[in-house]
2 protein chains.
Amino acid sequence: MSVTIKDIAKLAGVSHTTVSRALNNSPLIQEETKERIRIIAEQMDYTPNYSAKSLVLDRSYNLGLFFTTLSQGTSAGFFYEAIRGVNSVIQDRYQLIVKGIDDYTSFHSITRKSFDGIVVVSQSDDDQAIIDHIASKGIPQVVLNRPVETSGVLNVLSDEEQGAFLAASYLIEQGHKRIALIEGRKGFKSAQNRKDGFERAMRHYQITVPPAYRMPGLYDLESGHKAMQQFLTLDERPTAVFCCNDEMALGAMKAVSEAGMNVPNDISVVGFDDTVFAAYVTPALTTVRRPIEQISREGALRLLGNIENKQHETEQLLLKTELIVRESVRLLTP
Amino acid sequence: MSVTIKDIAKLAGVSHTTVSRALNNSPLIQEETKERIRIIAEQMDYTPNYSAKSLVLDRSYNLGLFFTTLSQGTSAGFFYEAIRGVNSVIQDRYQLIVKGIDDYTSFHSITRKSFDGIVVVSQSDDDQAIIDHIASKGIPQVVLNRPVETSGVLNVLSDEEQGAFLAASYLIEQGHKRIALIEGRKGFKSAQNRKDGFERAMRHYQITVPPAYRMPGLYDLESGHKAMQQFLTLDERPTAVFCCNDEMALGAMKAVSEAGMNVPNDISVVGFDDTVFAAYVTPALTTVRRPIEQISREGALRLLGNIENKQHETEQLLLKTELIVRESVRLLTP
DNA sequence: CACATCTATGCACACGTTAACAATAGTCTT
DNA sequence: AAGACTATTGTTAACGTGTGCATAGATGTG
């Protein structure tokens with residue numbers, strides 16, 4: 001059917017071994033022989049059979065890109081940036097295989113033979129199981145976005161606690177004292193980190209947050225909307241609301257305007273993530289930017305380094321987040 | 001290193017052929033032998049080597065999912081929904097390999113050996129080259145999202161012309177006569193279709209659109225913003241603006257509010273795509289919903305059908321779009 | 001009982017590639 | 001000029017799996 005090195009060999013009047021060596025640019029083969037063979041291969045439109053290569057070289061040329069879930073809870077922008085980041089560094093060398101971890105009923109099929117390396121974009125503590133499995137199989141991996149306990153695993157993430165601290169501090173510095181919190185999805189590490197940064201800022205500036213000023217959330221528009229509706233029913237309403245991501249912040253702003261009030265004049269809002277639309281809503285959302293694309297690029301680069309140099313660098317890289325000040329927070333003068 | 005069928009054979013006291021047949025549930029093997037072998041395989045934690053299988057069976061177990069570009073112009077939500085749709089139907093049977101078409105410097109490596117089938121999510125006429133290449137290699141394929149000329153290719157898309165017609169007609173039915181258009185990215189088929197639907201509605205209701213009421217766009221927030229700024233400088237401003245996607249509509253709304261004006265009271269806006277945030281901006285955006293996830297699911301299903309039944313069904317499936325009425329269009333009373 | 005038929009299993013090879021080792025011819029060294 | 005060395009190419013086996021054909025035993029048939 002398709003052209004093999006044996007076909008080329010026949011035409012070139014050499015052995016298939018010579019063809020193999022020539023095409024792999026082995027120093028054993030004479031330069032002019034190589035050139036002759038390359039030309040013939042080109043003419044015959046030869047493409048190597050990667051299954052055969054994989055079998056003998058024990059490399060799959062596959063790079064896994066695993067997300068906690070593909071069906072819910074992952075924001076589209078996050079997903080997109082992560083794929084872009086990884087894709088930008090792998091070039092032609094690997095095939096990028098995208099999976100949702102929750103699609104696996106068993107990790108049985110995840111082996112050294114099927115993946116040269118795996119990028120786990122982890123958003124939940126539950127991912128620990130697959131991370132351990134990958135580690136136990138000895139497959140090179142890098143875990144992005146979430147701090148990971150397993151030692152000896154590459155780990156690249158942004159300092160979300162610091163980002164949340166920045167944003168919460170900013171609210172206080174703008175004169176706010178009655179500050180409410182809409183939390184992230186339970187079980188997601190980011191939810192915990194962002195909350196921690198918020199709490200640290202409150203402690204640092206000695207602000208107390210009453211229980212009524214805390215609402216759970218699911219990282220989606222709906223739950224932000226609901227939470228803000230709750231806050232608005234309170235006798236003593238908060239003057240500012242810290243939302244653990246931008247989508248909930250949008251939902252919250254929606255609730256404010258539905259109640260005939262205005263952001264930021266009646267109530268201030270900050271988000272987290274700097275999603276692509278944050279700059280374009282009205283008012284433009286003040287938020288915290290995570291360098292996701294950079295995270296996934298740095299992670300993929302280090303992973304490829306480990307794969308190709310057969311080393312086992314293990315490092316935790318913490319990239320800085322950045323507060324993006326826009327229009328959704330009002331300066332409160334006493 | 002890892003367990004092979006020969007290891008199992010040794011332990012079971014049979015030939016590796018028997019093991020192979022047993023694990024593939026061949027009718028040639030006695031039921032109790034099968035069961036015995038299955039148990040041993042389980043205990044030894046056997047996983048088949050897919051490179052070896054691929055080599056002999058001439059199947060890669062790979063499904064390509066190709067986007068026009070991963071680096072620009074593709075909206076995150078679109079991307080996300082497409083992957084979700086395809087992923088939901090492939091289960092464990094295939095690996096999903098995501099690629100940007102513009103990452104290829106040569107299509108040379110795209111062969112029957114490396115892909116059992118390919119889903120091309122096409123957003124540009126330029127994709128015709130890769131579609132033809134895939135067809136010429138005899139690889140089963142389905143083209144989503146864009147009508148394709150090549151005959152004998154599965155094709156699933158939404159009727160965007162009809163969607164645009166719906167939205168534009170809605171503006172007119174709400175009493176608007178001075179209607180402007182912000183076009184989509186040049187070269188993208190969707191840009192053409194949406195414009196066509198818009199024009200048909202104008203003709204149908206005998207509305208003329210002056211040249212100053214037409215602005216080019218790039219499908220991003222920036223260009224929508226710019227275009228609307230232009231419209232606002234006109235002496236006779238349009239009362240409604242049809243934006244060829246939601247992101248540009250957001251940019252446009254931003255420009256309106258920056259000018260101290262209000263949507264929909266001063267100017268009405270419609271978008272296209274029903275992106276996830278359309279419902280949550282202020283005012284909520286009236287737009288057209290494309291069933292992307294359904295498109296990619298239906299497309300993937302038909303593709304798998306063709307692969308697994310070795311048939312070559314060729315069909316064009318046109319899925320209906322839907323107008324989602326929200327708050328960004330005002331009822332104009334004469 | 002002789003023969004045909006059926007059932008369950010094994011043998012040997014194939015898939016396309018790489019690599020250890022062998023072979024050949026030419027060159028250098030002393 | 002013989003031996004050692006080098007440069008280039010070929011021979012053969014190996015990777016793990018599936019399959020056509022052969023085989024051995026069991027069963028049926030007249």
Side-chain angles (χ1 to χ4, degrees), chain A residues 1-38 40-41 44-62 93 95 108-109 111-116 137 310, chain B residues 1-38 40-41 44-62 93 108-109 111-116 137:
Chain A
M1 184 68 58
S2 41
V3 183
T4 73
I5 53 172
K6 293 188 182 171
D7 299 324
I8 300 176
K10 212 172 291 173
L11 224 79
V14 296
S15 78
H16 73 275
T17 308
T18 301
V19 175
S20 170
R21 292 200 179 108
L23 296 178
N24 288 314
N25 199 22
S26 153
L28 291 178
I29 305 294
Q30 211 176 357
E31 199 51 54
E32 55 181 36
T33 314
K34 281 188 195 172
E35 196 48 31
R36 195 160 53 88
I37 291 176
R38 281 198 202 106
I40 297 180
M44 298 181 80
D45 193 30
Y46 166 78
T47 324
N49 183 321
Y50 273 85
S51 302
K53 276 176 100 102
S54 295
L55 183 56
V56 57
L57 292 180
D58 205 24
R59 296 190 41 197
S60 62
Y61 300 96
N62 287 339
R93 295 180 295 177
Q95 311 245 47
H108 188 245
S109 63
T111 68
R112 284 193 80 120
K113 308 280 182 188
S114 45
F115 294 101
D116 288 347
K137 291 278 182 176
K310 310 228 172 190
Chain B
M1 183 71 55
S2 42
V3 183
T4 73
I5 54 173
K6 292 188 181 171
D7 299 325
I8 300 176
K10 213 171 290 174
L11 223 80
V14 296
S15 76
H16 77 274
T17 307
T18 302
V19 176
S20 170
R21 292 199 178 109
L23 295 178
N24 289 316
N25 199 22
S26 153
L28 291 177
I29 304 294
Q30 211 175 359
E31 200 52 55
E32 54 181 36
T33 313
K34 282 186 196 174
E35 195 51 30
R36 196 162 50 89
I37 290 175
R38 280 197 203 106
I40 296 179
M44 298 181 79
D45 192 30
Y46 167 77
T47 323
N49 182 320
Y50 273 86
S51 300
K53 277 177 98 100
S54 295
L55 183 57
V56 57
L57 292 179
D58 206 24
R59 296 192 40 199
S60 63
Y61 300 95
N62 287 340
R93 294 180 294 175
H108 190 244
S109 64
T111 68
R112 287 194 79 121
K113 308 280 181 187
S114 45
F115 294 100
D116 287 348
K137 292 279 182 176

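Five base pairs at each end of the helix from C/dC1-D/dG30 to C/dT30-D/dA1 define two local axes, and these are offset by 50° (rounded to 10°).
What you find for A/Val3 and A/Met44 is that their closest heavy atoms are CG2-O, 3.3 Å. Taking each heavy atom of A/Lys137 and A/Arg112 in turn, the nearest pair found is O-CG, 3.3 Å. Summarising the geometry of B/Ala12 relative to B/Arg36, their closest heavy-atom pair is O-NH1, 3.1 Å, with the distance given to 0.1 Å. Nearest heavy-atom pair, A/Ser15 versus A/Ala9, reported as atom, atom and distance to 0.1 Å: C-CB, 3.7 Å. A pairwise comparison of heavy atoms in A/Asp116 and A/Ser60 identifies OD1-N, 2.8 Å as the closest pair. In terms of heavy-atom proximity, A/Ser109 sits nearest to B/Thr47 at CA-CG2, 4.0 Å.
Residue-level contact check: A/Leu55 touches the bases, meaning some heavy atom is under 4.0 Å from a base atom. Residue contacts shown for A/Ser20 include a base, since a base heavy atom lies under 4.0 Å away. B/Thr33 comes within 4.0 angstrom of the backbone, heavy atoms only, and of no base. Using a 4.0 Å heavy-atom distance criterion, A/Tyr50 is classed as making no nucleic acid contact.
A close approach under 4.0 Å does occur between a side-chain nitrogen or oxygen of B/Gln30 and OP1 or OP2 of C/dT9. Neither OP1 nor OP2 of C/dT9 sits under 4.0 Å from any side-chain N or O of B/Thr18. Taking 4.0 angstrom as the limit, A/Lys53 places none of its side-chain polar atoms (N or O) nearer than this to OP1 or OP2 of C/dG16.
If you measure from atom OH of A/Tyr46 to atom C1' of C/dG16, you get 8 Å, rounded to the nearest angstrom. B/Asp58 has its CG atom 16 Å from the C1' atom of D/dG16, to the nearest Å. Following rounding to the nearest Å, B/Leu57 (CG) and D/dT19 (C1') show an atom-to-atom distance of 10 Å. B/Asn24 places its CG atom 13 Å from the P atom of D/dG20, with the value rounded to the nearest Å. If you take CD1 of A/Ile29 and C1' of D/dG10, they are 10 Å apart, rounded to a whole angstrom. Distance A/Glu35 CD to D/dT8 C1': 17 Å, rounded to the nearest Å.
Residues B/Asp7 and B/His16 form no side-chain contact, since every pair of their non-hydrogen atoms from C-beta on lies 4.5 Å or further apart.
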Nucleotide by nucleotide, nucleotides 20-27 of chain C touches protein heavy atoms under 4.0 Å in the pattern (B base, S sugar-phosphate only, - none) BB------
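Interatomic distance, A/Leu55 CG to B/Lys53 NZ, rounded to the nearest 0.5 Å: 13.5 Å. For the atom pair A/Ser54 OG and B/Asn49 CG, the distance stands at 8.5 Å (nearest 0.5 Å). For the atom pair NZ (B/Lys34) and OG1 (B/Thr18), the distance works out to 12.0 Å, reported to the nearest 0.5 Å. Considering CD of A/Glu35 and CD of A/Gln30, their distance stands at 12.5 Å, rounded to 0.5 Å.
Taking the nucleotide of DNA chain C with the nearest heavy atom to each of B/Arg36 and B/Val56, the more 5' of the two is matched to B/Arg36.
Relative to the side chain of B/Asn49, the nucleotides C/dT18, D/dT17, C/dT9 differ in distance, and D/dT17 lies closest.
Partner of B/Tyr46 under the side chain to side chain contact (heavy atoms under 4.5 Å, CB included) criterion, chosen from B/Ile40, B/Ile37, B/Val19, B/Ile5: B/Ile5.
Taken residue by residue, residues 6-16 of chain B places heavy atoms nearer than 4.0 Å to DNA chain C at B/Gly13, B/Val14, B/Ser15, B/His16.
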